[in-house]
There are 2 protein chains.
Amino acid sequence: MIKLTPTARVILGFLQLGARTGYDIKQQADVSTRFFWGASYGQIYPELRRLTDAGLVRPTSQPRGGLARTEYTITARGRKALHDWLRKPPGPLLFEYRDEALLRLFFGDLLSPEEVAVNLRQAREEFEHDAARFRELQAQGLPSGYPAAALRYGIELMEWIAAWYRDAERRLAAGDLAEDQASS
Amino acid sequence: MIKLTPTARVILGFLQLGARTGYDIKQQADVSTRFFWGASYGQIYPELRRLTDAGLVRPTSQPRGGLARTEYTITARGRKALHDWLRKPPGPLLFEYRDEALLRLFFGDLLSPEEVAVNLRQAREEFEHDAARFRELQAQGLPSGYPAAALRYGIELMEWIAAWYRDAERRLAAGDLAEDQASS
DNA sequence: CAATGCATGTAATAGGTTACATGATTTC
DNA sequence: GAAATCATGTAACCTATTACATGCATTG
């Protein structure tokens with residue numbers, strides 16, 4: 001079974017969903033998978049070349065007037081590799097979570113409770129802001145089906161996190177955050 | 001204001017909380033910040049050298065018998081840099097989220113509903129498993145205070161995600177996942 | 001005709017993991 | 001005396017972002 005690099009997965013997926021150029025893939029990813037799976041030009045173009053060499057995509061020159069343009073289509077091999085990964089990815093599912101706000105909370109003992117409170121509020125506001133941005137995307141009504149479900153996940157996740165911080169602020173003020181006992 | 005690299009933040013934080021050696025930092029991070037802020041030897045040791053050169057930490061040779069050992073203490077400059085970052089990080093708070101399960105859901109149109117259902121179940125089970133692992137850590141009663149709050153965050157996040165996938169399974173079976181309308 | 005959008009691409013840099021190598025000490 | 005733990009470190013590799021460079025086409 002062919003192993004796809006992280007970026008190859010998005011590329012093949014978007015190609016099969018109708019994307020044509022590298023530019024196109026980037027635009028679509030930016031308004032959909034971005035928050036849980038990004039892709040930059042610095043990854044996309046070199047990867048498209050590797051996928052071409054591996055026979056998973058096929059490029060065709062499709063200039064628009066004098067504007068050089070390369071359209072890619074997914075090959076049978078590419079479709080198979082994509083489908084294989086969609087059903088049984090090699091290795092455990094990749095999940096990465098990195099959160100500076102949480103790290104600052106973790107080191108809360110090095111700050112005064114007031115300073116921690118400021119940090120919690122700031123984190124909450126950022127996540128609220130993110131949730132609002134996602135809600136706008138949703139209101140524009142663009143996605144439907146599975147992409148809509150993923151967007152919904154993003155909104156609800158951001159709102160859950162914001163709510164968690166809101167609750168942490170409350171607990172801090174009530175004096176039972178830093179003294180938390182492991183609840184049984 | 002001194003800019004700390006991502007790894008420098010964890011290192012300085014753990015040093016101020018009492019860690020002594022590079023090995024020590026790694027052990028402590030592995031059972032606490034790991035899920036939202038990891039650190040590997042390949043990062044820690046070179047970074048300790050850079051921090052030494054920058055005057056943020058001070059190494060002292062403290063062999064245990066014939067075992068070479070270097071204990072690090074944070075300097076006044078180091079404490080200031082850490083405290084500055086804890087209160088006002090340069091730039092927006094770093095937040096990274098990467099989720100292969102969600103990407104597979106996003107491309108659900110390329111699979112049959114049955115295959116999507118299998119993926120959802122698999123994802124849910126993985127997150128349930130993670131939650132259980134965190135719960136064990138918590139049951140061992142090791143952390144208290146802010147570290148305990150961060151662990152609690154981890155448990156509740158994993159459980160929230162698992163619940164989201166459980167609900168997605170239900171909606172898929174009911175036929176209103178892939179046909180989702182943007183709810184107003 | 002200026003600004004924006006379409007389109008491709010590279011170089012520098014950053015940040016990170018994994019695997020390996022080495023060797024002492026402690027515990028069973 | 002074998003296995004696990006303490007301890008340090010590096011080399012190879014992977015993945016990714018940012019900034020830059022280039023130039024055509026479209027829209028106001």
Side-chain angles (χ1 to χ4, degrees), chain A residues 3-11 14-15 19-31 33-52 57 59-72 90-92 94-100 103, chain B residues 3-11 14-15 19-31 33-52 57 59-72 90-92 94-100 103:
Chain A
K3 202 204 171 284
L4 298 176
T5 64
T7 304
R9 293 163 195 170
V10 200
I11 291 178
F14 276 115
L15 283 181
R20 289 174 148 76
T21 66
Y23 184 83
D24 207 5
I25 291 166
K26 174 85 161 79
Q27 304 311 304
Q28 287 185 223
D30 276 352
V31 292
T33 64
R34 194 186 210 293
F35 89 91
F36 62 92
W37 207 281
S40 65
Y41 291 128
Q43 288 285 113
I44 291 171
Y45 287 112
E47 185 66 36
L48 277 170
R49 178 148 310 173
R50 281 189 291 270
L51 289 171
T52 303
V57 301
T60 37
S61 182
Q62 298 277 313
R64 285 245 236 264
L67 178 61
R69 244 176 114 260
T70 307
E71 289 192 4
Y72 291 87
L94 189 147
F95 179 77
E96 277 172 29
Y97 185 85
R98 211 104 196 280
D99 189 341
E100 189 172 348
L103 188 64
Chain B
K3 203 204 171 282
L4 297 175
T5 65
T7 304
R9 292 164 195 170
V10 200
I11 290 178
F14 276 115
L15 283 181
R20 289 174 147 75
T21 67
Y23 183 83
D24 208 4
I25 291 167
K26 174 85 160 81
Q27 302 313 302
Q28 287 185 224
D30 276 352
V31 293
T33 63
R34 194 186 210 290
F35 89 90
F36 62 93
W37 206 283
S40 66
Y41 292 127
Q43 287 284 112
I44 291 171
Y45 287 111
E47 185 66 35
L48 278 170
R49 178 148 309 173
R50 282 189 290 270
L51 290 171
T52 302
V57 300
T60 39
S61 182
Q62 298 276 311
R64 284 242 239 266
L67 180 60
R69 245 177 113 260
T70 307
E71 288 191 3
Y72 290 89
L94 189 148
F95 180 78
E96 277 172 28
Y97 186 85
R98 210 103 197 278
D99 189 341
E100 190 173 345
L103 189 65

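Letters A, B, ... are given to chains in the order of the sequence lines, protein chains preceding strands, and every chain is numbered from 1.
- Between A:L94 atom CG and C:dG16 atom P the separation is 15 Å, expressed in whole Å.
- Atom P of nucleotide C:dA14 and atom CD of B:E47 are separated by 12 Å, given to the nearest angstrom.
- Protein atom CZ of A:R20 is 15 Å distant from nucleotide atom P of C:dC6, rounded to whole Å.
- Within 4.0 Å (heavy atoms only), B:P6 reaches sugar-phosphate atoms of the nucleic acid but no base atom.
- Distance, A:K3 NZ to D:dC13 P: 16 Å, rounded to whole Å.
- In this entry the distance linking CG of B:D30 with P of C:dT18 reads 11 Å, nearest Å.
- A search for side chain to side chain donor-acceptor pair (under 3.5 Å) contacts involving A:R49 returns nothing, not counting sequence neighbours.
- Between the side chains of B:T7 and B:Q43, at least one donor-acceptor pair of N or O atoms lies under 3.5 Å.
- In this model, the phosphate group of C:dG15 is not approached by any side-chain N or O of A:R98 to a distance below 4.0 Å at OP1 or OP2.
- By the 6.0 Å and 45° rule, B:R98 stacks over the aromatic ring of A:W37.
- Between the side chain of B:R20 and the main chain of B:Y72, no donor-acceptor pair closer than 3.5 Å is present.
- For C:dG16, the OP1/OP2 oxygens have a side-chain nitrogen or oxygen of B:T7 closer than 4.0 Å.
- Distance CZ (B:R34) to P (C:dG16): 14 Å, rounded to an integer number of Å.
- In this structure, the side chain of A:R9 engages the main chain of A:L4 through a donor-acceptor pair within 3.5 Å.
- In this structure, B:Q43 atom CD and C:dA19 atom P are separated by 16 Å, rounded to whole Å.
- Here D:dA16 presents its C1' atom at 14 Å from CZ of A:R9, a figure rounded to the nearest Å.
- Salt bridge annotation for A:D30-A:R34: present, with a cationic side-chain nitrogen under 4.0 angstrom from a carboxylate oxygen.
- Side-chain contact of B:Q62 with B:T70: a donor-acceptor pair under 3.5 Å is absent, judged by distance alone.
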Which atoms of nucleotides 5-9 of chain D (N or O only) lie under 3.5 Å from a protein N or O atom, and what are those distances?
{"residue": "D:dC6", "atom": "OP2", "partner": "B:Y23", "partner atom": "OH", "Å": "3.0"}
{"residue": "D:dA7", "atom": "OP1", "partner": "B:R69", "partner atom": "NE", "Å": "2.4"}
{"residue": "D:dT8", "atom": "OP1", "partner": "B:T70", "partner atom": "N", "Å": "2.9"}
{"residue": "D:dT8", "atom": "OP1", "partner": "B:T70", "partner atom": "O", "Å": "3.2"}
{"residue": "D:dT8", "atom": "OP2", "partner": "B:G22", "partner atom": "N", "Å": "3.3"}
{"residue": "D:dT8", "atom": "OP2", "partner": "B:Y23", "partner atom": "N", "Å": "3.1"}
{"residue": "D:dT8", "atom": "OP2", "partner": "B:Y45", "partner atom": "OH", "Å": "3.0"}

